[in-house]
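What follows is a short report on a single structure.
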Protein chains: 2
Amino acid sequence: MEEYSEKQLSILKVAERLFADQGFHGTSVRDIAQEADVNIAMISYYFGSKDKLLETIFRFRMEASRKFINELLENDTLEPLDKIYSLIDRFINKMLGEQYFQCIMSREQLNSQQSPVRDLIWQLKGEMLGLMQPIVTNAQEAGIFHKDVDVEMLMTTLFGTIHQVIPAQHILKKSAPPEVISDEDYGAYIRNRVSTHLKKLFKAILTHEF
Amino acid sequence: MEEYSEKQLSILKVAERLFADQGFHGTSVRDIAQEADVNIAMISYYFGSKDKLLETIFRFRMEASRKFINELLENDTLEPLDKIYSLIDRFINKMLGEQYFQCIMSREQLNSQQSPVRDLIWQLKGEMLGLMQPIVTNAQEAGIFHKDVDVEMLMTTLFGTIHQVIPAQHILKKSAPPEVISDEDYGAYIRNRVSTHLKKLFKAILTHEF
DNA sequence: AACAAAATTAAACAAACGTTTAATTTAAAC
DNA sequence: GTTTAAATTAAACGTTTGTTTAATTTTGTT
């Protein structure tokens, strides 16, 4: 909807990184202003307050997530399992492509007192579930997937695994083959590793004979 | 090692809850002092500083986790899959039994700059992996489990799923049968649901024919 | 009872916080 | 070129922050 100037975007970008690295309360508006190379007052001037700044980051990313979800709905020709595979890969790419924001989400979803940000998070998660649920259900009714699968928990595993991968990358990195050197190589290595793992996991539980 | 007085324990308990609910920087020592019904100065007097207080909480819980790991090592008579099942259940009980602390861990592991607390977290995670790795590897060599399983990622899924369940409980609650009313009922319901899900998941990926 | 050590308190500390003010510069419109 | 609005600044605002001080109370020991 709204558009942001370069200066506003640079504030949003810096704030997102710092909130991710140090937490919302661990980051001061002076930190943000300094790293974004703007006057402190500009943050209130543009966004109203520090809280509103966080909210802006969320609305900004969430809008993109909505688009993302709608795009996923258009994969209607694939078979159920391939749909799931496609969904997994897109989720991984999306979430690992905006790791700073995902860090903020990981943090904010833990806050006990409700807030606009908290509501946005669970709203989005609901929509994600609403995306996956019918794919699985349809395949279950068609006899392709098993009946006794807890889709809500499967979604939890999907989110949880990726969210756990983000801070664990420096550990997972150690198992990478020696030819993985550059940051790009490394990003591709992680994506592939998570993708392979999750696809196996989902295929196994959705189609395995018990 | 050290023992703590009732007053100290009450501070630790309150601080753990508040850190979990509002984050470390989102909680003031005045908040803690007030809820624990002690003078503000007592926190510095007992623990040195707010940072040291957090570190104390971590050392306190980690010591228990070490014991927990060592107990797990004694299940040597079970078959591989049952070992895994036992491990899953114990992890769930342990982690859902100290949800406040797990919230703090979820948050702290995201911090980019290293700290004593951060080191402790990854140290413990390494030990957890060292616990699971040989169980799977032995079973793989015995031909009971599949070869192509990424144990490190499996551990990531285990942690990630449970860590994701903690803040998602108010959502997962909605699917509970009507006879689940009390907090205890509800705790048991969640534990069982997560347990069932993770066991299916692990069994499927470890023993499924691809 | 007298003393020493530990525990507890209210008050004060400087530093950092988010936000606002009022003055100034830049840009746009006429 | 003048006028008006928007953007930008440095400085100050009043709180709140974590921590310390110094005085007092409690506790334990002889």
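Letters A, B, ... mirror the listed sequences (proteins, then strands); counts begin at 1. What's counted below: heavy atoms across the whole structure, side chains too, no hydrogens, waters or symmetry copies. Not measured: the values here are computed from a predicted model.
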Subject >> Shortest non-hydrogen contact from I166(A) toward M95(A) >> reply: CD1-O, 4.4 Å
Original post:
Rounded to whole angstrom units, what separation is found between the CE atom of M42(B) and the P atom of dT20(D)?
Top reply: 15 Å
Original post:
Under the ring-ring contact (aromatic ring centres under 6.0 Å, His included) rule, what pairs show up with a residue in residues 109-139 of chain B, not counting sequence neighbours?
Top reply: H170(A)-W122(B)
**OP:** Check whether any side-chain nitrogen or oxygen of Y46(B) sits under 4.0 Å from OP1 or OP2 of dT8(C), and answer yes or no.
**Re:** yes
Original post:
Which letter, B, S or -, goes with each nucleotide of nucleotides 15-21 of chain C from 5' to 3', with contact meaning a protein heavy atom under 4.0 Å?
Top reply: --BBBB-
**OP:** Could you check how far NZ of K7(A) sits from C1' of dT9(D), rounded to whole Å?
**Re:** 10 Å
Subject >> Between C1' of dT8(D) and CD1 of I11(A), the distance in whole Å >> reply: 11 Å
**OP:** Starting from P on dT8(C), measure out to CD on E6(B) and report it in whole angstrom.
**Re:** 12 Å
Show which side-chain atoms of residues 112-119 of chain A pair as donor or acceptor with protein atoms under 3.5 Å away, not counting sequence neighbours.
| from | atom 1 | to | atom 2 | distance (Å) |
| --- | --- | --- | --- | --- |
| S115(A) | OG | R118(A) | N | 3.2 |
| R118(A) | NH1 | N111(A) | O | 2.9 |

Subject >> Rounded distance (Å) that lies between atom C1' of dT16(D) and atom CD of Q34(B) >> reply: 14 Å
Original post:
Once the angle between the rings of F58(B) and F101(B) is folded into 0 to 90°, is it parallel (under 30°), tilted (30 to 60°) or perpendicular (over 60°)?
Top reply: perpendicular
Original post:
Looking at K200(A) and D148(B), does any basic side-chain N land under 4.0 Å from a carboxylate oxygen?
Top reply: yes
**OP:** Please determine if K67(B) and E63(B) form a salt bridge, counting it only when a charged side-chain N lies under 4.0 Å from a carboxylate O.
**Re:** no
**OP:** Check the distance between dA7(C)'s P and Y4(B)'s OH and give it to me in whole angstrom.
**Re:** 15 Å
Original post:
Atom CD of E55(B) to atom P of dG18(D): distance rounded to whole Å?
Top reply: 17 Å
